[in-house]
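I have placed the structure first, in the form of structure tokens, so that the comments after it can refer back to it.
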Number of protein chains: 2
Amino acid sequence: MDWKTEIETASARIEGKTVVTPVMRSDALWSREIELKLEQLQHTGSFKARGAFNSLMAMDVPEGGVVAASGGNHGAAVGFAAKSLGYPAHIFVPEMAGPAKIAVIERSGADLTVVPGEYADALDMAKRYEEERGACQVHAYDAPLTVAGQGTLLREWEQQGLEADTVLIAVGGGGLIAGALAWAQGARKIVAVEPMSCNALTAALKAGGPVDVPVSGVAANALGARRIGQICYDLAAAQGITAVEVPDGAIVEAQRSLWQAHRQLVEPAGACALAALQWGAYVPEPGERVAVLVCGANPAPDPL
Amino acid sequence: MDWKTEIETASARIEGKTVVTPVMRSDALWSREIELKLEQLQHTGSFKARGAFNSLMAMDVPEGGVVAASGGNHGAAVGFAAKSLGYPAHIFVPEMAGPAKIAVIERSGADLTVVPGEYADALDMAKRYEEERGACQVHAYDAPLTVAGQGTLLREWEQQGLEADTVLIAVGGGGLIAGALAWAQGARKIVAVEPMSCNALTAALKAGGPVDVPVSGVAANALGARRIGQICYDLAAAQGITAVEVPDGAIVEAQRSLWQAHRQLVEPAGACALAALQWGAYVPEPGERVAVLVCGANPAPDPL
């Protein structure tokens, strides 16, 4: 797959539909200055809008409309993108997504079914809906159009002047980091950060291929994919990615520090990459310039 | 006063001490695209850090240290700047500042006295402390060094590529907008936005000079100055500023929309300028490019 071309095409396709999210430098979060991209300012509060717009604008959407299964953020993004493009959309959300994320999906105008259980259960129902109604599915992370859409993020950041040698990115199902790996092609070091309590990529790298893992913890409603996407795994294995894990306590601490230092109220998943630096799961070399991607901000409970 | 030079000097002085806060464009907040500067990412959650650093770095700070009276944000900024520069600091805060702002000041490491009543009462106590201890005062808005520090904001925004014809800025005591007027010198239209329930600038423009006004409403703990600063009044009157007022309900609605559209959780004062656009207190001409300054994010209750 010619990922560079796919991502260039995706960037041109979604231009004007997604927010060019702001970047900044901070010396208030870690012992050295770091670069940040505040992707939680994206429509519906996470990077997922990129993959959703890219998928729906590239696909031939049938009369049955669009269907998605989501731990929350992807569903909100697909609902928002579908409404913005004039398509009907039905989103299946696992109950564990929580009321704050479910409210974001409701505001998008999409039809919504809350499914008891976790992400995999919602995915089953979405697949059944797809077959019965002839709707088209937008996969949350393991589809080329989704990955290419998420890949526009690192490309955009580079156009905004990213200087870092190393970029830390949180991993759930792996769509975001797959996009980053696909764009970087080794030109920049990408570090994968997972919660210890849902570590599908780390487990897959250890096992030599995607395997099921148990999912729990503070970031599970965004990063709790039971199994890493095959696209992500293949890119990560081919590039020999560095993957690190952080405990829930470090994630909560990173979340608190983003609020206290810069008034950015993110969800745990959005602070996961920063936690790796603060907690020492990833220790950069002296002189290594580091960037952290802040990727989502649909916390529960909703503060308003 | 040669404000351009003062502000250039202030910018050089505080470089590296304050955050270069991010800017962005949004089409999700109003019927047309607007430019935003997210100054609430500044140290201690508001623009006040600029004036505080500029004042303390320019002044000859005595052994008695630094004293400030503040509705909250200025006190937090002076406490933070003093600690960062190695000076003792004592902050007098009116009780109406609320626990969230008081917590920000406590975290700065400054000594803190909570004064029953409103801003003017805290100012009285700060003046007494200044005389008794030989501490130096940093005024919240009506001092040249404070105004020059706040003036670095519009200068920085221009360096980041600000294109707007018109910039909307919330007004309390007037330090921030005075800085903007002092920098712009008429080259760009500055619109002052006040809550109807604390409108010291509007009242002063009507009366032909600063007068006392009653203060109340959702933004009073940040914008509730009883009387507009003389520096602000003089600049505003000389430049024939456009001043508009918004009701509390519009401020709360703007606050909600910043959270829903871009996950920026700000305090009411921080959303006040946006409210003028959304509520129609200021109606731009067709083709007029508009920018909104988001200036503070120490909401109560603290969401964490």
Turns out that what part of A:A261 lies under 4.5 Å from chain B's heavy atoms comes down to backbone
Distance-only donor-acceptor screen, chain A against chain B, under 3.5 angstrom:
unit_1: A:L41; atom_1: O; unit_2: B:H262; atom_2: ND1; d: 2.8
unit_1: A:W259; atom_1: NE1; unit_2: B:D302; atom_2: OD1; d: 3.3
unit_1: A:W259; atom_1: NE1; unit_2: B:D302; atom_2: OD2; d: 3.1
unit_1: A:H262; atom_1: ND1; unit_2: B:L41; atom_2: O; d: 2.8
unit_1: A:R263; atom_1: NE; unit_2: B:A297; atom_2: O; d: 2.9
unit_1: A:R263; atom_1: NE; unit_2: B:N298; atom_2: OD1; d: 2.7
unit_1: A:R263; atom_1: NH2; unit_2: B:N298; atom_2: OD1; d: 2.6
unit_1: A:Q264; atom_1: OE1; unit_2: B:Q264; atom_2: NE2; d: 2.9
unit_1: A:Q264; atom_1: NE2; unit_2: B:Q264; atom_2: OE1; d: 2.9
unit_1: A:A297; atom_1: O; unit_2: B:R263; atom_2: NE; d: 2.8
unit_1: A:N298; atom_1: OD1; unit_2: B:R263; atom_2: NE; d: 2.7
unit_1: A:N298; atom_1: OD1; unit_2: B:R263; atom_2: NH2; d: 2.6
unit_1: A:D302; atom_1: OD1; unit_2: B:W259; atom_2: NE1; d: 3.3
unit_1: A:D302; atom_1: OD2; unit_2: B:W259; atom_2: NE1; d: 3.1

Which residues share a side-chain contact (heavy atoms from CB on, under 4.5 Å) with A:P88, sequence neighbours left out
none
Proximity breakdown for A:L36 and chain B, heavy-atom pairs closer than 4.5 Å:
neither
At a 4.5 Å cut-off on heavy atoms, which part of A:V23 comes close to chain B: side chain, backbone, both, or neither?
backbone
Region of A:V252 that comes under 4.5 Å of a non-hydrogen atom in chain B:
neither
Contact check, side chains of B:V20 and A:M24, non-hydrogen atoms, under 4.5 Å
no
